Colleague: 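Quick one: this structure, given as structure tokens, is what I'll be asking you about.
Side-chain atoms are counted along with the backbone in the values below, which use heavy atoms only and exclude waters and symmetry mates. Just so you know, these numbers come straight off a predicted model, no measurement behind them.
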Amino acid sequence: MVVLSNFLAPQEGIRHEEPDTTLYVNDREVGKGTIYIAESSLSWIDTNNQQGFSLEYPHISIHAVSRDEQVHSRQCLYIMLDTKVDLPDVTSSENNSPPDEEEDSDSPMTEMRFAPDNINNLEAMFQAMIDCQALHPDPQDSFSDAEEDIYEDAEEEDDFEYFEVGAGDAPYILPSEQMRHNGTETDEAMDVETGQFEDAEEDP
């Protein structure tokens, strides 16, 4: 669990430091402070009360640049955590979930948005996140030699396609085969199979 407390800014390995960054947790505005994207962790400290926290990169499941103002009113660096964040003295009418329901969750997730006043620095923040997370690979995501060979063969055959979710979000990758199952090629295959059955029924 991540808890707000009196916190000192990191001193080493800082890849990007962005002041005047407003933090939102599950759409609740927490305050304005400075985000420190360091090699060891991601930290944020409130400018007014010097309270903050530090996040370990293995707990960050997703990070992306969000520019879609229909999703959120401000452009921001979006991250999703696989842990819960405790925010005392912060209330919101949008948070209507019963407290015991959140506590009993087997896999709690927390959304965070870091919205800098200077949105021109969002790409630099995102790139710093990529660089720092690469220093903390998830052992469960490692490929076996056989899986790596399959992945390389698929890349050579252009079996992967890139697309963006939302406006300016990070690219995701889906195998073309999976995308074809959701497209017209599947429908064509079904038509052929249906035709085969029709021919079989017409035979005496």
Colleague: Give a yes-or-no answer on whether the side chains of Ser66 and Arg113 include a donor-acceptor pair shorter than 3.5 Å.
Modeller: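 Absent: no donor and acceptor within the cut-off.
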Colleague: My understanding is that only one of Lys32, Glu29, Arg74 makes a side chain to side chain donor-acceptor pair (under 3.5 Å) with Thr22; could you say which?
Modeller: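 In the set Lys32, Glu29, Arg74, the residue that makes a side chain to side chain donor-acceptor pair (under 3.5 Å) with Thr22 is Arg74.
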Colleague: Got Gln133 and Ile60 here, is their nearest side-chain heavy-atom distance under 4.5 Å?
Modeller: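 Side chain of Gln133 against side chain of Ile60, heavy atoms only: contact under 4.5 Å found.
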Colleague: Yes or no on ring-ring contact (aromatic ring centres under 6.0 Å, His included) for Tyr24 and His72, after CA distance, side-chain angles and deciding distance?
Modeller: CA-CA 10 Å; Tyr24 299 85; His72 193 267; 4.6 Å; yes
Colleague: Does the side chain of Arg28 reach to within under 4.5 Å of the side chain of Val85, using non-hydrogen atoms?
Modeller: no
Colleague: When clusters are formed by joining ILVMFWY residues with side-chain heavy atoms under 4.5 Å apart, either directly or through shared neighbours, do Ile14 and Phe7 land in the same one?
Modeller: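 The answer is yes; both residues are in one hydrophobic cluster.
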Colleague: Are Ile119 and Met125 connected in a single hydrophobic cluster, I mean Ile/Leu/Val/Met/Phe/Trp/Tyr linked by side-chain heavy atoms less than 4.5 Å apart?
Modeller: yes
Colleague: Is there a side chain to side chain contact (heavy atoms under 4.5 Å, CB included) between Val30 and Leu4 once you walk through the steps?
Modeller: CA-CA 10 Å; Val30 178; Leu4 281 175; 4.1 Å; yes
Colleague: Just how far is it from atom CE of Met80 to atom CE of Met112, taken to the nearest 0.5 Å?
Modeller: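 Result: 12.0 Å between the selected atoms.
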Colleague: Between His16 and Cys132, is the side chain to side chain contact (heavy atoms under 4.5 Å, CB included) condition met? List the steps.
Modeller: CA-CA 10 Å; His16 188 90; Cys132 292; over 6 Å; no
Colleague: Going by atom types alone, do Gln50 and Asp46 pair a side-chain donor with an acceptor below 3.5 Å?
Modeller: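 No, Asp46 and Gln50 have no side-chain donor paired with an acceptor closer than 3.5 Å.
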Colleague: Side-chain contact, heavy-atom cut-off 4.5 Å: Thr21 with Pro116?
Modeller: yes
Colleague: Before giving the answer on side chain to side chain contact (heavy atoms under 4.5 Å, CB included), spell out for Glu18 and Thr34 the whole-Å C-alpha distance, their side-chain angles and the decisive distance to 0.1 Å.
Modeller: CA-CA 6 Å; Glu18 187 66 31; Thr34 301; 5.8 Å; no
Colleague: Is the side chain of Gln11 donor-acceptor paired with the backbone N or O of Ala9 at a distance under 3.5 Å, no angle test?
Modeller: yes
Colleague: If you count heavy atoms of other groups shown closer than 6.0 angstrom to CD of Gln127, is the number above 12?
Modeller: yes
Colleague: In the structure I gave you, are the side-chain heavy atoms of Arg67 and Leu122 within less than 4.5 Å of one another anywhere?
Modeller: yes
Colleague: Would you check, one step at a time, whether the test side chain to side chain contact (heavy atoms under 4.5 Å, CB included) holds for Val25 with Thr110?
Modeller: CA-CA 7 Å; Val25 177; Thr110 301; 3.7 Å; yes
Colleague: Would you indicate whether the side-chain heavy atoms of His63 and Phe126 approach each other to under 4.5 Å?
Modeller: yes
Colleague: Between the side chains of Glu111 and Asn26, does any donor sit under 3.5 Å from an acceptor?
Modeller: no
Colleague: With the 4.5 Å side-chain cut-off for hydrophobic clustering, are Ile35 and Leu135 part of the same group?
Modeller: no
Colleague: For the residue pair Phe53 and Phe114, categorise the inter-ring angle as parallel (less than 30°), tilted (30 to 60°) or perpendicular (more than 60°).
Modeller: tilted
Colleague: For residues Trp44 and Met129: do they belong to one hydrophobic cluster (side chain heavy atoms under 4.5 Å, members Ile, Leu, Val, Met, Phe, Trp, Tyr)?
Modeller: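 Yes, one cluster joins them.
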Colleague: Is the shortest heavy-atom distance from the side chain of Ile37 to the side chain of Tyr57 under 4.5 Å?
Modeller: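 Yes, side chains in contact.
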